[in-house]
Number of protein chains: 2
Amino acid sequence: MANRTVRPTLTDVAARAGVSKSLVSLVMRGEQGVSPATRQRVREAADALGYQPDSRARLLRSGRSRLLGVVFGIEHAFHVDLVTALYTAARDSGYELALSAVTPERDETEATASLLQDRCEALIMLGPRTPAPALARLATRLPVVVLARDVRGADVIRTADADGLRQAVDHLAGLGHRRIAHIDGGRAPGAADRRRGYREAMHAHGLGRHVHIIAGGLTEDEGATAARTLLHQSRPPTAITVFNDRCATGVLDVLVRAGTRVPEQVSVVGFDDSHLARLAHISLTTIAQDVPTMTRLAVARAIERIDGLAVAHRASVVTPHLVIRSTTGPVAD
Amino acid sequence: MANRTVRPTLTDVAARAGVSKSLVSLVMRGEQGVSPATRQRVREAADALGYQPDSRARLLRSGRSRLLGVVFGIEHAFHVDLVTALYTAARDSGYELALSAVTPERDETEATASLLQDRCEALIMLGPRTPAPALARLATRLPVVVLARDVRGADVIRTADADGLRQAVDHLAGLGHRRIAHIDGGRAPGAADRRRGYREAMHAHGLGRHVHIIAGGLTEDEGATAARTLLHQSRPPTAITVFNDRCATGVLDVLVRAGTRVPEQVSVVGFDDSHLARLAHISLTTIAQDVPTMTRLAVARAIERIDGLAVAHRASVVTPHLVIRSTTGPVAD
DNA sequence: ACCGTACTCTGGAACGTTCCAGGACCCACC
DNA sequence: GGTGGGTCCTGGAACGTTCCAGAGTACGGT
C-alpha cells in the first residue's frame, strides 16, 4: 500500500472539468456569477476526485484565516462547556476555532505560542492565569478576548461573580439559613469577586457575624478537603456556597459519605451550572453562568476588533442566575 | 488604535539585514552553512522586527504540516486524559497536534472535515463512532489511527478490554465475591469485548450462573440508573464491574446515597483509570488503560505510515492493569 | 599561476490558493 | 450594424515560504 495519492488541487479539478482554476475557485467558494450548468459540472469533477480545498494556501493568499484561537484548560468542566458553545457561536459568525489545550504538561505560554504561528486572527482565552502585563503585551499583537477573568489591557467577558453569590445567599437566607459558609477558590479567576459577593450579601442580611470562609479551590479534591474541615467543626453551617460546581461535587460527596443528608441537614450551592451540576444524581442547585451569551459576546467582540471597529478595551459583565435543583432546602430547625 | 501592524515577512527581515530571503530562511530554520557573523546579524534583524514565521506559507511550500489531527469527545474524561498524553507524545516526535472536538452540536463528520482542510498528515481518532466503511474510506486518503476502538481497515491501538474485565473479576472472586454483576456500555466502543471478558471470566471461576449484565452506558446518569435497578433487586450483587469510570461514579453516588457502604457491602470496579478514578474522595478501584503506551504507539504508528513504512493495517493491543483503591474489599458474609 | 574544494550566499521557481482586470459572447436597442 | 451592458469565464500576478542549482570568494596544494 502506502500509495497515498497526492491530494488533488484546483488545477486537477479544473483539468477534469475543462475549465480554468479561477472558475473552480469561484464554485468552491459558492460565489455567484457561475452558470448552473458549469457549477454542476465542476461540483461533479471535484467530488469525483475527492477534492478538498487546502486551507493553508487559501489563507495564505487571502491573508485571512477566519480562525479564532481558543486557549482552554482541558480538564476544567466549565471550560469544556464554554468551548462547546464557542464552536457554535463561531460557526454562526463564519469563523472556525483552533483549539489549544492547557494540560498539566503544557502551559499557557506554549498553548498560546502555537496559536500565534497558525495566524489566528484573534485569541479567546478562558480563565487565563497569564499575568496581566503579559496579556496586555499579547493584546498589542492581535485581538485578545479574555473570558471568565477580569483583567486590564484586554477585552473581557465575565460573569457578575459577586452578584451571583448575592443570589446564592439571598436564596439560602430566604430558606431561613443563617450559618452560611463559603468555600472559596483561592487565587482562581473570579474567586476574589465571589468571596466579596458572599461577604457583602451576608452583611446585607444582617448575618455579618456568621461570615465563614474556608479555603477551597477549583477541584473536587479541594472541595472534599474543605468539606471535611467543616464537618469537624462544633457548629457546622447549615448551608454552603461553593466556588464552583466541580469543587461542590467534592463537597457533596464527602457530606453524603458522612451520612449528612442534603438538603435536609445541609444545603449546597455551586457555581457555573456546568454539565456536572445537571447530572441527575447530583442535581446541584447552582449559579448559572450565561454561557450562550458569554460565548456569543466573546466571538462578537473578537470579530469587532478584527474588523478594527473596537477602540478601547471593554469589559462586558454578564448576569448569572440561580438554578434551583435538589441540593438546597429550608433550614432544619 | 486598530493600527495592528502588518506582520513582517522574510523579505522585510532580509532587507533590514542586507541579505537575501533565502539566507534568512536558512537562519530561521537553524540550518547550517551560515557564517556565525551573518547568522547573528539576521537574528538581530528578525528580533528587531518581531518576526514570526508564517506556518501556513511554510507548510504550503514544504508540503508537510507536521500536524497530527485529533478527533476527540471533549466531554469524555478518558479522552481528555488521552489528549493530554498525546500532546507530549507528539511533541517528543517533532509533531504538533490539531484538536477537533466532538460536542453535542458538532458531530464526528464535521470534526473530521475541519482537520482534513488543515492538511494534517494523519488523523488520530479517539473512540470514533463513525461506521467502519466510512473510516476505511477515510484511511485511503490519509493515515488514520483509531484509538480505543476495534475496527477493520485502519490502524488500531486499543486495550485488551476482555482481559481487563478478566482481571477485575479475578480480583473480586479472589476477595470471595460470587454475585458479581456487570454494568455494560451498550454500543460504546469496547463495550462488547468487556462484556465478553466478564462473561468468560465468570465461567472460568465457575460462576456462570451468577452472570448478570445490566444495561448501562458511558455517562454518570446511565450508571446511576443502572445502580438504582440493582438496588431494587431481591438479592443485589456484592460486587459490580462497570463499563467505565465515568459510569462508575454515577453508580457509586447512588449506592452511597442509598446508605450502601462501599466496599463493605458492595465492591465496585471501574475501567480506564481516568482522572476521575484518582480523585481522593472517589478513590475507585479500576482497570487502568495504559495511556502513555497507547498514545506513544498511536503517534509512532501515525508517523510510520506518514513515512510510508507501514504496509498492512495492524491492531496493537495494549494490556491494562488493575489498580486497587478503596472501592473493593472482601465479601461481606 | 592554476586548479579544486569547501564554505557562504543568492536568484528564482515552486506550493495551491484568491484576486483582479479583462476577454468572449449574447441579447437588445436605436 | 454598431453600441451598450449583461453574464460567464480566463489568465496571470500575488501571498510568504522552501528548495534547488549555481555564483562568488578564499584558501590550500601543486
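We name chains A, B, ... by the order of the sequence lines, and we start the count at 1 in each one. Values reported hereafter were calculated over all heavy atoms of this structure, with side chains retained and with hydrogens, waters and symmetry mates removed.
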Apply side-chain hydrogen bond (donor to acceptor under 3.5 Å, both in side chains) to the pair T88(B) and R106(A), showing each step before the final yes or no. CA-CA 8 Å; T88(B) 65; R106(A) 188 172 191 264; over 6 Å; no

Under a 4.0 Å threshold between the charged nitrogen and the carboxylate oxygen, would E121(B) count as salt-bridged to R305(B)?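 A salt bridge is absent here (no side-chain N lies under 4.0 Å from a carboxylate O).
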
Hey, are R314(B) and D155(B) close enough for a salt bridge, meaning a charged N less than 4.0 Å from a carboxylate O? no

Rounded to whole Å, please give me the gap between [atom1] in [X] and [atom2] in [N].
| X | N | atom1 | atom2 | value |
| --- | --- | --- | --- | --- |
| L59(B) | dG16(D) | CG | P | 15 Å |
| L60(B) | dA13(C) | CG | C1' | 13 Å |
| L10(A) | dC19(C) | CG | P | 12 Å |
| R56(A) | dT18(D) | CZ | P | 13 Å |
| L49(A) | dG16(C) | CG | P | 14 Å |
| M28(B) | dT18(D) | CE | P | 9 Å |

Using a 3.5 Å cut-off and no angle test, enumerate the donor-acceptor pairs between side-chain atoms of residues 74-86 of chain A and protein atoms at least two apart in sequence or in another chain.
unit_1 : atom_1 : unit_2  : atom_2 : d
H76(A) : ND1    : R246(A) : NH1    : 3.2
H79(A) : ND1    : G73(A)  : N      : 2.9
D81(A) : OD1    : H275(A) : ND1    : 2.7
D81(A) : OD2    : H275(A) : N      : 3.0
T84(A) : OG1    : V80(A)  : O      : 2.8

Of the options dT18(D), dG16(D), dT17(C), whose atoms approach the side-chain atoms of D54(A) most closely?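 Nearest listed nucleotide: dT17(C).
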
Residue pair R296(A) / D92(A), side-chain heavy-atom distance below 4.5 Å: no

How does protein contact run along nucleotides 6-11 of chain C, one letter per nucleotide 5' to 3', with B for base contact, S for sugar-phosphate only, - for none, heavy atoms under 4.0 Å? --SSBB

Using residues 8-16 of chain B as the side-chain source, report each donor-acceptor pair under 3.5 Å to any protein atom, sequence neighbours left out, with the distance given to one decimal.
unit_1 : atom_1 : unit_2 : atom_2 : d
T9(B)  : OG1    : T11(B) : N      : 3.1
D12(B) : OD2    : T9(B)  : N      : 2.8

If you take atom types as modelled and just measure distance, does the side chain of R61(A) reach the base of dT17(C) with a donor-acceptor pair under 3.5 Å? no

Under the criterion side-chain contact (heavy atoms from CB on, under 4.5 Å), I'd like the reasoning laid out for R66(B) against I303(B): C-alpha separation, chi angles, the key distance, then a yes or no. CA-CA 9 Å; R66(B) 301 204 81 80; I303(B) 294 176; over 6 Å; no

For R152(B), is the CZ atom crowded, meaning more than 12 foreign heavy atoms sit under 6.0 Å from it?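 No, CZ of R152(B) has 12 or fewer neighbouring heavy atoms, counting only those of other groups under 6.0 Å.
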
Bend angle of the helix from dA1(C)-dT30(D) to dC30(C)-dG1(D), end axes from five pairs each (to 10°):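 What I find for the helix from dA1(C)-dT30(D) to dC30(C)-dG1(D) is an axis angle of 60°.
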
Select base, sugar-phosphate, or nothing to describe what S25(B) touches, counting heavy atoms under 4.0 Å on all strands. base

Apply side-chain contact (heavy atoms from CB on, under 4.5 Å) to the pair E110(A) and R91(B), showing each step before the final yes or no. CA-CA 11 Å; E110(A) 196 178 342; R91(B) 176 169 41 199; 2.3 Å; yes

Phosphate OP1/OP2 of dC19(D): any R29(B) side-chain N/O under 4.0 Å: yes

Could you list, one pair per line, each protein nitrogen or oxygen that sits under 3.5 Å from a nitrogen or oxygen of nucleotides 21-28 of chain C, together with the distance?
none

Pairs where residues 21-40 of chain A contributes a residue and the test salt bridge (charged side-chain N to carboxylate O under 4.0 Å, His left out) is met, not counting sequence neighbours: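 Qualifying pairs: none.
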
Which residue is it: L147(B), V145(B), I124(B)? I am looking for the one with a side-chain contact (heavy atoms from CB on, under 4.5 Å) to R301(B). V145(B)

